[in-house]
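These notes concern the structure reproduced below.
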Amino acid sequence: MLEISNLALPLDAGLEGKQAEKLVRRAAARALNIPPNDITEIRLLKRSVDARKKHDVHFVATLGVELAGGAKAEAAAIEAAALRKGAANVKAHRPYEPLRVPQVGDSPQAQNEPRPIVVGTGPAGLFCALYLARAGLRPLVVERGAAVDERMAAVDAFNAGEPLDPHTNIQYGEGGAGTFSDGKLTTNIKSPWAQHVLHLFVEAGAPEEILWQAKPHIGTDLLVDIVRNIRKQIEQAGGEVCFKTQLAALHFENGHLTQAEITQPEPVTELIPASRVVLACGHSARDTFELVRDAGVHMEQKPFSVGVRIEHPQQLINRSQYGKAADHPALGAADYKLSMHLRPQKGEEQGRGVYTFCMCPGGEVVCAASEPEGVVVNGMSRFARDGQNANSALLVGVGPEDFDGEDPLAGIKLQREMEQAAYRTAIAAGGEPYQAPAQTVGDFLAHQAGGPSKQVKPTYARGVAWCDLHECLPPFVARAMEQALPQLDRRLHGFADPQAVLTGVETRSSSPVRIVRGKNMQAQLAATSASDCAQVDAEARVQARPGTQVQAVPESSAVAEGQPANVVALEPETGLYPCGEGAGYAGGIMSAACDGLRVASALVESLRPE
């Protein structure tokens with residue numbers, strides 16, 4: 001099969017039917033300079049929208065093309081001839097190779113260890129557990145929230161005005177926070193695991209079009225079934241998934257994990273043997289971060305972002321992005337992605353980044369609180385993306401210089417202060433508990449509370465209280481947003497429309513902490529030093545070259561300058577594997593799932609017989 005890339009296609013080629021198929025076939029034949037009848041099969045491999053010129057909005061596609069020829073040798077000769085013509089966008093197609101998982105369940109080391117524990121059922125935890133289960137390791141998966149069906153009921157009840165369930169909500173429960181999102185499967189990382197994540201999603205019931213969409217998404221309505229199916233696959237492969245079960249403590253001896261405490265609903269706390277724990281909790285698991293810190297694990301502050309959600313009519317975004325083509329049925333709801341770096345404000349050494357994140361076409365702003373008397377917003381879309389509004393996070397970068405103190409959890413304090421301020425601000429403006437503070441862009445820029453938008457009806461389910469968002473945003477965040485909005489409007493016309501609605505606060509875009517891990521994917525203890533590491537244990541775990549000295553060192557330590565070349569620096573093997581977004585190694589569904597597979601692979605490799 002040949003692969004043709006960067007092929008321009010008219011919008012009508014994105015419709016269903018024979019006419020669309022004919023348009024695609026003609027374009028492929030022109031690219032290969034062959035008659036259309038010489039093509040026996042066309043497979044769509046990738047497709048995106050090119051809207052750089054509003055008078056010429058079209059698709060750009062990559063196609064897999066099978067050529068005619070009775071015998072395989074004859075077909076191969078035709079393909080070779082096409083390749084010899086030197087088209088820069090034509091090459092031999094390399095088909096997807098399915099993920100291969102080594103079987104290590106019967107290895108001597110695996111037999112002598114307790115089964116691994118995976119904490120959390122977000123994308124990182126689910127994909128990690130699936131890999132471990134298929135490797136024969138029978139992982140125990142613990143999730144503080146409820147299974148997805150019970151979780152849906154709890155979220156619906158909270159949206160309708162019921163009290164917050166601090167254990168099962170939009171942040172906690174089967175599928176993690178990503179279940180109530182747009183289900184975006186895009187990432188900025190170049191990971192070899194990405195194609196496996198997409199195929200595993202399809203295997204679990206996702207539509208096959210995510211394999212060729214340039215910006216694939218699933219949508220909350222479909223994710224619910226998909227995460228349930230992944231859990232069933234884990235169980236069918238020998239894993240066990242326990243809901244309403246929370247990690248309560250970790251115990252180390254001589255630098256190695258030995259036991260874990262887990263708490264179940266009754267409540268009952270159970271102390272179980274544990275030599276390998278994958279910590280895949282999301283970034284809202286603040287009490288889990290506290291217990292990890294208290295266990296002596298090395299953690300550090302990490303930059304993140306905070307801000308608000310901004311809502312526009314979806315038609316405004318469609319027109320801004322697609323011009324006259326906005327209503328073409330092959331396009332669907334338009335999205336956008338904006339970013340800029342501001343000049344330093346007074347008292348700052350460097351300017352701040354301001355950007356949009358998790359843009360949800362045809363979506364809604366959701367009630368994402370997970371702690372009492374705190375308001376948090378996020379965004380989600382269903383698969384059809386057919387809502388009246390578009391929404392996106394409008395975020396301002398923050399860093400350790402903005403935190404109060406050296407505690408690795410200082411960023412959480414900033415998040416919590418914003419969330420509680422948002423709760424109080426809405427109440428002071430006459431709102432009900434967990435209603436969100438909101439303001440039009442025009443009123444925000446004018447520093448006046450104002451009132452409802454004349455164009456945008458807020459989609460936040462519990463309702464909003466119209467007020468001045470400056471009362472619940474840190475001053476540096478508000479100033480950065482004021483500076484950025486008019487400039488972003490020049491990049492996307494209508495972005496700073498006075499009637500667009502800002503709803504606060506968005507604080508959970510990424511983790512404010514990082515649990516430091518080494519190349520072996522394992523955490524280190526904060527007190528670990530080279531002299532603390534067990535030399536005998538290190539030599540037993542690493543087979544060095546003859547004449548090579550083995551020296552165990554923590555991950556963050558560099559080999560000392562002037563150290564002999566025949567000394568191998570080893571990372572401590574604590575048995576704790578920080579994983580995914582909460583641990584500070586991902587930023588969305590796709591990157592979190594990739595990290596889950598990556599960590600699982602490292603764990604499995606450490607158990608393979610030498």
Side-chain angles (χ1 to χ4, degrees), residues 7-17 19-21 23-24 27 43-63 178 180-187 198 201-202 205-226 309-338 356-366 379-393 456-457 459 491-495 500 588-590:
L7 188 64
L9 296 174
L11 293 180
D12 285 350
L15 302 175
E16 296 183 358
Q19 182 60 30
E21 293 176 7
L23 290 172
V24 175
R43 186 179 307 166
L44 185 57
L45 303 177
K46 190 70 66 178
R47 193 180 75 188
S48 61
V49 178
D50 186 343
R52 291 173 294 179
K53 298 178 180 178
K54 298 297 183 283
H55 66 276
D56 182 26
V57 179
H58 60 274
F59 290 118
V60 176
T62 298
L63 304 177
F180 296 91
S181 71
D182 185 56
K184 290 180 181 61
L185 302 181
T186 53
T187 178
L198 292 174
F201 268 123
V202 171
E208 288 195 7
E209 64 192 60
I210 69 172
L211 299 177
W212 54 259
Q213 289 176 324
K215 298 178 180 179
H217 87 109
I218 296 178
T220 291
D221 47 338
L222 301 189
L223 275 168
V224 169
D225 292 331
I226 291 166
R309 280 271 150 182
I310 184 168
E311 282 191 277
H312 304 88
Q314 181 61 52
Q315 277 299 317
L316 181 150
I317 304 301
N318 291 349
R319 291 193 300 271
S320 294
Q321 293 292 67
Y322 297 148
K324 293 181 179 179
D327 295 326
H328 195 285
L331 285 175
D335 64 3
Y336 59 81
K337 186 175 183 180
L338 305 172
T356 63
F357 175 75
C358 187
M359 191 272 162
C360 299
E364 59 196 79
V365 178
V366 298
M380 79 175 199
S381 297
R382 290 170 174 78
F383 181 70
R385 289 177 164 177
D386 56 359
Q388 293 296 310
N389 289 358
N391 77 80
S392 174
V456 179
K457 181 180 180 181
T459 54
R491 303 183 185 186
L492 179 67
H493 181 66
F495 186 77
I589 293 175
M590 196 69 177

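The residues of the chain are indexed from 1 along the displayed sequence.
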Nearest 0.5 Å, what's the CZ-CG distance between Phe495 and Leu316? 11.0 Å
Using modelled atom types only, decide if a donor and an acceptor are shared between the side chain of His58 and the backbone of Ala8 within a distance under 3.5 Å. no
Gln321 and Leu492 have their tightest heavy-atom pair at OE1-CD1, 3.2 Å
Does Asp182 reach the side chain of Met359, with side-chain heavy atoms less than 4.5 Å apart? no
Separation of Leu63 CG from Leu9 CG (nearest 0.5 Å): 6.0 Å
A side-chain contact here means heavy atoms from C-beta on lying under 4.5 Å apart; do Arg309 and Cys358 qualify? yes
Heavy-atom side-chain proximity of Glu364 to Arg382 below 4.5 angstrom: yes
Do other residues, nucleotides or ligands put more than 12 heavy atoms under 6.0 Å from the NZ atom of Lys337? no
Give a yes or no on whether the backbone of Lys457 and the side-chain of Asn389 come within a donor-acceptor separation of less than 3.5 Å. yes
Judged by atom type as modelled, is there a donor-acceptor pair below 3.5 Å linking the side chain of Asn318 to the main-chain atoms of Ala333? no
If every non-hydrogen atom of Gly183 is compared with every non-hydrogen atom of Leu223, which pair is closest and at what distance? CA-CD1, 3.7 Å
d(His312 NE2, Asn391 CG) to nearest 0.5 Å is 10.0 Å
Hey, does the side chain of Ser181 reach the backbone of Met380 with a donor-acceptor pair shorter than 3.5 angstrom? no
Applying side-chain contact (heavy atoms from CB on, under 4.5 Å), can you list everything that pairs with Lys215, at least two apart in sequence or on another chain? Thr186, Asp335
For residues His328 and Asp12, determine if any side-chain heavy atom of one lies less than 4.5 Å from a side-chain heavy atom of the other. yes
Here the pair of heavy atoms bringing Gly379 nearest to Val366 is N-CG2, 4.0 Å
Under the side-chain contact (heavy atoms from CB on, under 4.5 Å) rule, what do Leu185 and Leu198 come out as? Steps first, then yes or no, please. CA-CA 8 Å; Leu185 302 181; Leu198 292 174; 3.8 Å; yes
Do Asp327 and Gln315 touch side chain to side chain, with heavy atoms closer than 4.5 Å? yes
Looking at Asp221 and Phe383, would you say the former's side chain and the latter's main chain have a donor-acceptor pair under 3.5 Å? yes
Can you tell me how far CD1 of Ile218 sits from CD1 of Ile226, rounded to the nearest 0.5 angstrom? 4.0 Å
Apply side-chain contact (heavy atoms from CB on, under 4.5 Å) to Leu211 and Leu44, showing your working. CA-CA 9 Å; Leu211 299 177; Leu44 185 57; over 6 Å; no
Would you say CD of Glu209 has more than 12 non-hydrogen atoms from neighbouring residues, nucleotides or ligands within 6.0 angstrom? yes
Contact summary for Val202 and Pro207, nearest pair of heavy atoms: CG2-O, 4.0 Å
Please find the pair of heavy atoms, one from Ile317 and one from Ala334, that lie closest to each other, and give the distance. CG2-O, 3.8 Å
In Å and rounded to the nearest 0.5 Å, what is the CG to OG1 distance from Leu7 to Thr62? 8.5 Å
Is there a side-chain contact between Ile589 and Phe201 in this structure, where contact means two heavy atoms from C-beta onward sitting under 4.5 Å apart? yes
Please identify each residue that fulfils salt bridge (Lys or Arg N to Asp or Glu O under 4.0 Å) with Arg47, with sequence neighbours left out. none
Verify, without hydrogens or angle tests, whether Ser381 (side chain) and Gly362 (backbone) share a donor-acceptor contact under 3.5 angstrom. no
If you look at every heavy atom in Ala13 and Leu23, which pair is closest and at what distance? N-CD1, 3.9 Å
Do Leu15 and Pro329 touch side chain to side chain, with heavy atoms closer than 4.5 Å? yes
Are Asp50 and Phe59 close enough that some pair of their side-chain heavy atoms sits under 4.5 Å apart? no
Quick one: pull up NZ in Lys46 and CD in Gln213 and give me the separation to the nearest 0.5 Å. 9.0 Å
